[in-house]
Chemist: 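The structure that follows is given in the form of structure tokens.
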Amino acid sequence: STSPKTAPTTPNTQNELPPATASGSRMNATFVTLARNSDLWEISRSIRQVEDRFNRKFNYDWVFLNDDDFDDEFVKVTTSLVSGKTKYGKIPTEHWSFPDFIDQDKAAAVREEMKEKKIIYGDSISYRHMCRYESGFFFRHPLMLDYEWYWRVEPSIELFCDINYDTFKFMADNKKKYSFVLSLYEYVETIPTLWDAVKNFTATHPEHVVKDNSMGFLSDDNGESYNHCHFWSNFEIGNLDWLRSKAYVDYFESLDHSGGFFYERWGDAPVHSIAAALMLQKDEIHFFNDIAYYHVPFTHCPTGQQTRLDLKCHCNPKDNFDWNGYSCTSRFYEVNGMTKPEGYEKEQ
Ligand code: GDP
Ligand code: MN
């Protein structure tokens, strides 16, 4: 009788983590992801791309936050993929529930109405908690208090170019506090009274509005009305101390009390963007042209062929959203008196 054959063992066994190849010190920074256990395989795809394109060279930490407990599989798989330390936090119930000043019946009636109007996530309670959490609480989670800088990563994103420098250090060295790769117009049905709430806040707290702000990015009539431009917050590299500042926390609390996270469906993107545009100086907001990024349904592919070749990009420049009429990035360049990247007309 012949004994069963065993397959030859390949040398592809577990290795030590490759050493971080970038020399020098590290910033006090972390990646941060809000996710459910069911997001495991989609966040794994994102992590792998962030590691391949950037973090294997730097080994920054990664904080995962969830309104539920992370399960063993989620922890094991994500720990194996991240080259830095991973930390897992549960969100306290107070930060993921209806505040007592919210009228539950009124909120339920709005969800019903938005469902009929087929407004995206309009009937969802959890999506509203998520938007409110990203707007006002993630930076105050105990695990985040150790850090000064964050990079937000969502499930199912893609990075298309190498990032060969420390983006956190870049932010610090260039006095940047907030950054983006994609900007666009918000669905007005989700934020009909947001601008009124903002005006109410700026009237009560004029001391929090800085002089050299980006009102021109938000408004075409000097602040009378909102043009719905915002930075897309599923990607953010930003400063946590700014979000934890009295100015930002006063802003969030003022907006929160007006009820729009539940009586409408305010997204964290316009909430963060308006804060950055009014409470940071113009030149504290950075557009990362060299970070090529996709989150359904939009792509930011760097303008300029030489940049794309140098950074080994694999995005199709035709997919770039920046110079499209629905993007607000042209406006960002104009407000800041910046020259658009060479070749942008050809990629319009
Ligand atoms: P979209 O990008 O606006 O379509 O919204 P996503 O579904 O991507 O949600 C935004 C972020 O919040 C992602 O990182 C999700 O993983 C996370 N998220 C959304 N809903 C929940 C939830 O109910 N619980 C938890 N823990 N995370 C959520
Ligand atoms: Mn998303």
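Side chains included, hydrogens not; waters and symmetry mates left out as well; all remaining heavy atoms used. Just so you know, ligand 1 is whichever comes first in the structure, and atom 1 is the first atom listed for that ligand.
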Chemist: Before signing off on this row, confirm whether T33 and ligand 1 have an N or O atom pair separated by under 3.5 Å.
Modeler: no
Chemist: If we ignore angles and hydrogens, is there a donor and acceptor under 3.5 Å between the side chains of K57 and N164?
Modeler: yes
Chemist: Going by the atom numbers of ligand 1, which of them fall below 4.0 Å from some non-hydrogen atom of N66?
Modeler: 26 (N)
Chemist: Within the 4.0 Å heavy-atom shell around P155, which atoms of ligand 1 are there?
Modeler: 13 (C), 14 (O), 16 (O)
Chemist: Decide, yes or no, whether a salt bridge links K312 with D162 under the criterion of side-chain N to carboxylate O below 4.0 Å.
Modeler: no
Chemist: Between A35 and ligand 1, does any nitrogen or oxygen pair lie at a separation below 3.5 Å?
Modeler: yes
Chemist: Using a 4.0 Å cut-off to any heavy atom of Y121, which atoms of ligand 1 qualify?
Modeler: 1 (P), 3 (O), 4 (O), 5 (O), 7 (O)
Chemist: Between D268 and R152, does any NZ, NE, NH1 or NH2 come within less than 4.0 Å of an OD or OE carboxylate oxygen?
Modeler: yes
Chemist: May I ask you to decide whether K90 forms a salt bridge with D69, counting only side-chain N to carboxylate O separations under 4.0 Å?
Modeler: yes
Chemist: Which ligand 1 atoms, with their elements, are less than 4.0 angstrom from a heavy-atom of S126?
Modeler: 23 (O)
Chemist: Any N or O of E134 that comes nearer than 3.5 Å to an N or O of ligand 1?
Modeler: no
Chemist: Given L34, which partner from the list I91, D39, N66 fulfils the side chain to side chain contact (heavy atoms under 4.5 Å, CB included) test?
Modeler: I91
Chemist: Just to confirm my output: which protein heavy-atom neighbour is closest to atom 17 (C) of ligand 1, and how far is it?
Modeler: L34 O, 3.3 Å
Chemist: Less than 4.0 angstrom from a charged side-chain N to a carboxylate O is my criterion; do R45 and E158 meet it?
Modeler: no
Chemist: Side chain or backbone of D39 under 4.0 Å from ligand 1, or both, or neither, by non-hydrogen atoms?
Modeler: side chain
Chemist: Should H295 be counted as touching ligand 1, given the test is an N or O pair under 3.5 Å?
Modeler: yes
Chemist: Would you say R152 has any N or O atom under 3.5 Å from an N or O of ligand 1, going by distance alone?
Modeler: no
Chemist: If you take the nearest heavy atom of each of F64, W96, Y133, which one is closest to atom 23 (O) of ligand 1?
Modeler: W96
Chemist: Go through the side-chain N and O atoms of E236 and Y150 and say whether any donor and acceptor fall under 3.5 Å apart.
Modeler: yes
Chemist: If you measure from the Lys or Arg side-chain nitrogens to the Asp or Glu carboxylate oxygens, is any gap between D173 and K169 under 4.0 Å?
Modeler: yes
Chemist: Answer yes if the ring centres of F54 and W151 are under 6.0 angstrom apart, and no otherwise.
Modeler: yes
Chemist: Is there a heavy atom of N234 sitting under 4.0 angstrom from any atom of ligand 1?
Modeler: no
Chemist: Need the atom name: nearest N/O/S atom of E154 to the Mn ion (ligand 2).
Modeler: OE1
Chemist: Which option out of R128, M130, K90, H129 puts a heavy atom nearest to atom 19 (C) of ligand 1?
Modeler: M130
Chemist: Salt bridge between D220 and R331, side-chain N to carboxylate O under 4.0 Å?
Modeler: yes
